Structures are given as structure tokens and as C-alpha cells.
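Here's the structure, in C-alpha cells; my notes come after.
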Protein chains: 2
Amino acid sequence: MATIIQKHGRATVRDVARAAGVSLATVDRVLNGRKGVRQSTIDKVEKAVADLNYTRDVSASLLARATSARIHFVLPAGANPFMHHLEAAVARQADIAAQARLAIEMSTVPALNAEALVEEIDRLADEKCDCAVIVATDDDAVRRAVARAQTKGMPTITLVSDLPQSKRRAFVGIDNEAAGRTAAALMGRFCPPHSQIGLIVGSLDLRDHRDRFVGFSEIMLDEFPGIEIIGPAEGFDDARETAKRANELLNDNPRLAGIYSVGAGNEGLLATLRQRISPGRIRVLVHELTDASREGLAAGYIDAVLNQNVDREAERAIALAQILAVHPTAELDRRPVEIGIYLRDNVI
Amino acid sequence: MATIIQKHGRATVRDVARAAGVSLATVDRVLNGRKGVRQSTIDKVEKAVADLNYTRDVSASLLARATSARIHFVLPAGANPFMHHLEAAVARQADIAAQARLAIEMSTVPALNAEALVEEIDRLADEKCDCAVIVATDDDAVRRAVARAQTKGMPTITLVSDLPQSKRRAFVGIDNEAAGRTAAALMGRFCPPHSQIGLIVGSLDLRDHRDRFVGFSEIMLDEFPGIEIIGPAEGFDDARETAKRANELLNDNPRLAGIYSVGAGNEGLLATLRQRISPGRIRVLVHELTDASREGLAAGYIDAVLNQNVDREAERAIALAQILAVHPTAELDRRPVEIGIYLRDNVI
DNA sequence: TTCGTTTTGAGGTACGTAACTCAAAAAGGG
DNA sequence: CCCTTTTTGAGTTACGTACCTCAAAACGAA
């Protein structure tokens, strides 16, 4: 009845050396990819590893590893609450990562400023940082900087906002088109078959916002053809501007059934809603769990929140960066981060 | 601009000993709770620990720890697909846990059989297992067995299905009333204000199903008073029975707008839907991502799935068990596991 | 004071890997 | 065959903690 899944008596490098008929030093050379070992010997060792089902003891490995890998996060400065959450998440994960001999550093550059980001990437590549994790601004100068860094031996990972067609080694974030499609699937079911839904984005120049809009439109046209999409209006991820856009939506469309807020600035949206309507009159869908969106959920002004879990993202970015720092040519897991859906009663 | 969040040069036990003006052995005694140290000395050491911000190096600690803690999972045998997923998740996490010097064992007992579960708990307690993790059957004999085990020094954690009013040290699972409330919030928005929603549970004798039903009813009556709840009918977590209940619901209520399937057996529900209606005609909400529910989502027969992440649950249970194994009187994190909501485009 | 008890110190070994040196052995080229 | 280069072996040190022993010191009570 009882099955022991794993017990602690695992094979060690000594066992591998004995099984392969070589010395400890040779096993070490093979395992850590040092040169000066004949291919036939490498094969012998790898066979022994496979036969004994040897896996590196992570605790011992970390303990013995003298130097910490340097992983550097570059985040947009003084941006919206979401970015502050992301920053906090990186700091939290940094504490955990320190146990794994990873030195996590963080710096900020002005938001939406490609030049500043480029400068920072170049600086990091020069001072032999092991891996950069950036919230990318979609700009060709940034693409070139990423390529330069890769040449100099520093791989780059994009976080939250991707940089397609670039030399970045991985993207950690949600699939924003899928997020838009999911938003449409919810809103389409929330609203009457013949109604109007207003869209507010931060800016259509932002890749993630554009992707969400594309996904949303696709499903709406396909599955809820009776529903009319109003907009998108641009709120520039700013509370005041977003409040204005929401006011305009309500003024111009008295029979509006829903609002999908694609970007940030939800404090402003919420303020307008509180001022203009009673909770539940129109269906409201926003992105990211923040103080404002939690409050909106609790008060009934917001029906659902699509969220990317920043802790999971920071953790994932660090895990991938660690792999790259140790094994620069490794194949990385390409799965996007999960899109969380929160209503009032399942917020965390 | 750049901020180093953590670097690797941390304080060690030697630093603590020096700062406290005591020997290494004394620091060791204090840190590991061994007896024979004067309170005034304990205070000195703890002050030094605080001053130096000392934290145990987990890698070294694990490496030095000779023995593995034994953590034993007891799951219901041959049950539904969800339980098989849970089993697989435990096995996956066991591999990871082995790195942390944890020996994860697993056994199965007949489902819904309190006597067999009691026997297994007693057996584990006698053979000095460090912690048991059980999917509880709600029965007083089980409560007594858990209490006996606790007396013998083996703490118990409940998984997925709780055992309230017992000596279990923690529960790892979702808040099922909150899940029911969330289901109602979705269904209430999905369906017209005056319509009928059919409920199918496994059994009202199952605590989690009853809790979900209670939460669902609460929100429905409160926020969607025009919607009528039909049932609940009992499908006994069985595909055939659940198919029959779904058929009956469709026969008896030609204007049914939605079905909320609270328990398992969704293969049966899906079969009936495929046979009787076209995708999207009625809104369908089920629990747990399984082959059947994924298929239903993809085909458009299921609108949304409420899910508990079994990997997260297994991981959490192991983490809590580890704390209990090392520090039996520790206070444990009481937060429930997150309730995931999945539509077609955000499944993982 | 003296005895017994409690508390503390000093020192050791072990865990499994990383990273290094130096010498010895094997391979390869002419 | 010798000579050079490459490959391998043997051994050491280090990482930070856990756990152990034995002796020395401090303490408390009579």
C-alpha cells in the first residue's frame, strides 16, 4: 500500500567516478563542462550518470559555488502602481534567491525612454553582469542594445513587456492577446447580446495594450457580433486622463453596458464610476490587482480583474536568468505566465 | 541608480558566536533549541542574531542534516480524475522535495471509507512518521485518529477536504464557500436576470460540495434574486449518474439558462451536453481542470472552470509538513489556496 | 568550603560539490 | 623511436551547518 516515492540515498560524484572507471577530477570536468576531456571519456561518464540516475545535489552545489551570479533588473522609474508591485515582488524574490547564491540587483530608468534603457543595457554588459532582465520599451535602438549585450556575453530576458524580433533570450509575462480574448469572453457573457462596450487603453503604442485590444476585438467580432466596441480611447496610464475618458464614455453612450480598461490608471476610472453610477450598473473589467482594483471589486464597481502575478513573474525571471548564467546556450521554457481572473470572492 | 538588493556575504554562525561572546557550540545549542543553556545566554545569542541579521544558510543546513524527514500522503484510492491529478502532483513535488532532504511517501485507502483511513493514520503514527497529509473523510472516528496521532507526536495536515473541529494542524485547499460565491458571481452575470440555473453536486454529505452550494446560494439569493436555483441534484461524482442528472435538468426545465456542476463526473455532463444542445446555448460552470473540462472549454460547451492548482497544493502541504517536522509547535500560515478561474483562452 | 549539577568551550567529523594544483600517463606527430 | 601535447589521476581546500564528545568552568546548595 505504501509507496516510497523518493528516499535520500542518492548517487554521488564518487559513485559516478567508480561506475565510469575514471577519477573524481574527470567526472568534475565532464559535469561542469571543462575542457580537456576526450569524447570517449565524456561518453563513459555520461553513461554512468544515466545508469546511476545521478543528479547534482543542489544544496552541496550551491554551498561549494564560491561566487554569486549577478542578475540585474531594469524597471521603469516612478511609473504606475503595477510597476511598484513588480518592484516589490523582485525585492521579495531577491531575498529568496540569495539563498541560491544569486545576487539580484535592480535599477530604474525613466519610463518609455528608449535611450536611457539602451544606456543602462550597455553599462551592464560592460561591467560583466551575468544576465539582464528588462521591461522592454518597443524600440529598435533597444533591440540593437540587446544584440550588443548578447555579443558581449550578457543575455537579456524581457519581463512583462516583450521585445519581439530581438536577441532577447526569453520573455516572462502573460500572453496579452490571450488576455484580450479572455476579457472578451467574459464581457461578451456579462453584457446583453445587443449592447455597447467601451474600451480604454493606456496607449496603442504600447505593445501589450495593442495585443490585448487585438485579442479582445477578435473574439467580440467572432462570438458576440451584436455587441459594439466603442473606442479605444487613450488614457495614457494616467488616473486623471483615464477618469476623463470614462466620463466621456458615459456621456456619449447612455446605454453603455460595459467598460474594459486595458491599461493602468484605474484609480481615475474608479473615481468616475463612484461619481456617476451605482455599483453593478455597468460591467467593468480591468487589469492588475492593485489597491484601486481591489477596492473597486469590494465595492461592486469592478466585476472582474485580469491579473499577472508579479511574484510568479519575478521568480520565473530569476529562474531563467540563473539557467542562462550557468549554461548560456540552454533551451528555455517558453510557456507564458498564467493569466489570473479575480472576482470579489476569490481575491487573494 | 543601481541598487544591490542582496549580496552573498552573509553572517555565519561564527560571526554570531563572536558577536555574542560565546562559543560555536553554544550558538548551535541556541539555534537548534537544544537544552542546557542559561536564559541570559540565549538572550545574548538572540541579540547577536538580530544585530547581524543572521539567517541560516539553507543549503549548508540541508547538506549537514543527516536524516530526511518522513512525510506521508494518504489519498483516496481509484477515485476520480481530479484525485489522479493530485497524485501526480504529489509525485512531481516529491522529486523536488528530495533535494530538501524530505522523504515523501504516499499510500491510498478506499475512498469515503473512514475505517480504512483511521487504520492508516494509526499505522503511520506508530511507525514514527514525521507528518501525515490526508484527504480527510468527514467522520468522528477520523477526528479521534488524528488526535491520537498528535498525542503520539505525529501532526496531521488535511488536503483538499478539511476536517474542522479536529486536531489537524493545518488545511491546504481552497475556501469552498468562496468558490461557491465566485461561481454565483459568474453565473449571475452570465445568465439573464429571470432565468433558471441547475445545480449538480456529488453528494451533500461531502463537506466541500455542501460548502460550495452554501456559498453559491448565498450570493444568488442576495445579488441575483430573479434567478431560480434548480436542485441540487446528486451525481455521486460519477460520470453516468451525472449524465442522467444533466438529462433530467434539460428535460424538466426547457428554459434552463445555466448548469453549475459542483463536483466531479463532468465527463458525463459533457456527454449529455454534446448529445442534447449546441455549444453556448446554456452557460456551464464546472470545477477542476481535467481532460473532460479542458475539452468542454475548447468545444465551447463549458464556459468557465473553477480550479484548485494541485501542484501548488502539494507544494504547500510539503512546505507546511516540513515546518511541522522540524518545529512541531510552529504557527502555520492559514491562508487558503488560490481559486483559479479558467476560460477557453487562459487555460494552462 | 565542598560537593554535585548545570552550563559552556574546544575541537572534531560529516555532508557533496566546486575549483584548483601538480604530477603522471596516454596519445599523437614526425 | 623520441618528443610534444593532451588527457587523466590524486589530492587538497573550501563552503556553512549539524551533531557529537570530553573536559573545563561556573553555579547553587549544604
Side-chain angles (χ1 to χ4, degrees), chain A residues 7-46 48-49 52-69 98-103 322 325-327, chain B residues 7-46 48-49 52-69 98-103 322 325-327:
Chain A
K7 54 175 186 172
H8 170 35
R10 305 170 30 232
T12 73
V13 277
R14 276 164 229 287
D15 300 321
V16 173
R18 197 166 342 107
V22 299
S23 70
L24 273 179
T26 300
V27 173
D28 179 67
R29 288 180 184 110
V30 174
L31 290 180
N32 294 293
R34 297 184 233 288
K35 58 183 180 180
V37 186
R38 225 186 334 237
Q39 186 57 47
S40 60
T41 310
I42 294 180
D43 293 342
K44 276 197 295 184
V45 172
E46 286 181 341
V49 166
L52 296 175
N53 195 23
Y54 167 83
T55 53
R56 202 188 293 259
D57 184 309
V58 178
S59 295
S61 174
L62 290 173
L63 184 59
R65 200 182 304 277
T67 65
S68 292
Q99 291 288 350
R101 298 293 188 280
L102 296 174
Q322 180 177 23
V326 176
H327 200 329
Chain B
K7 54 175 186 173
H8 170 38
R10 312 181 11 240
T12 73
V13 278
R14 275 162 230 286
D15 301 320
V16 173
R18 196 167 341 108
V22 299
S23 69
L24 274 179
T26 299
V27 172
D28 178 67
R29 290 181 183 108
V30 173
L31 289 180
N32 294 292
R34 298 186 233 286
K35 60 186 178 179
V37 187
R38 231 189 326 245
Q39 186 59 47
S40 59
T41 310
I42 294 179
D43 294 341
K44 275 198 296 186
V45 173
E46 286 181 340
V49 166
L52 295 175
N53 194 23
Y54 167 82
T55 53
R56 200 189 295 258
D57 183 310
V58 177
S59 294
S61 175
L62 288 173
L63 184 59
R65 204 181 299 279
T67 65
S68 292
Q99 291 288 353
R101 299 292 189 281
L102 295 174
Q322 179 177 24
V326 176
H327 200 328

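In this text, all values refer to a predicted model and were calculated from it rather than measured experimentally. Below, chains carry the letters A, B, ... as their sequence lines are ordered, and counting in each starts from 1.
The nearest whole Å value for the distance from the CZ atom in A:Arg101 to the P atom in C:dT17 is 15 Å. For the pair B:Leu63 CG and C:dA18 P, the interatomic distance rounds to 12 Å; values are reported in whole Å. If you take CG of B:Leu31 and C1' of D:dA18, they are 11 Å apart, rounded to a whole angstrom. In this structure, B:Asp57 places its CG atom 9 Å from P of D:dA18, rounding to the nearest Å. Taking atom CG on B:Asp28 and atom C1' on D:dT21, their separation rounds to 13 Å, with Å as the unit. Between the CZ atom of B:Arg14 and the C1' atom of D:dC15 there is a distance of 10 Å, given to the nearest Å. Across the protein-nucleic acid pair, B:Arg56 atom CZ and C:dC15 atom P stand 20 Å apart, rounded to whole Å. Residue B:Asn32 contributes atom CG, which lies 12 Å from atom C1' of D:dG16 at whole-angstrom precision.
One N or O on the side chain of B:Arg10 and one on the backbone of B:Thr55 form a donor-acceptor pair closer than 3.5 Å.
Partners of A:Asn32 according to the side-chain hydrogen bond (donor to acceptor under 3.5 Å, both in side chains) rule, which considers only residues two or more places apart in sequence or in another chain, are A:Asp28, A:Arg56. Listed by chain and residue number, nothing satisfies the side-chain hydrogen bond (donor to acceptor under 3.5 Å, both in side chains) test with B:Thr41 (two or more places apart in sequence, or in another chain). Residues meeting the side-chain hydrogen bond (donor to acceptor under 3.5 Å, both in side chains) test with B:Ser59, sequence neighbours left out: none. The salt bridge (charged side-chain N to carboxylate O under 4.0 Å, His left out) search around B:Asp15 returns B:Arg18, not counting sequence neighbours. Taking the side chain to side chain contact (heavy atoms under 4.5 Å, CB included) definition, one finds that A:Ile42 meets it with A:Val30, A:Val37, A:Gln39, A:Glu46, sequence neighbours left out.
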- What one-letter contact string describes nucleotides 5-12 of chain D from 5' to 3', where B marks a base within less than 4.0 Å of any protein heavy atom, S marks contact via sugar-phosphate atoms alone, and - marks no contact? --SBBB--
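Close to C:dA19, at under 4.0 Å from its OP1 or OP2, lies a side-chain N or O of A:Arg34.
Positionally, the nearest nucleotide of DNA chain C for B:Val27 lies more toward the 5' end than for the other of B:Val27 and B:Ala60.
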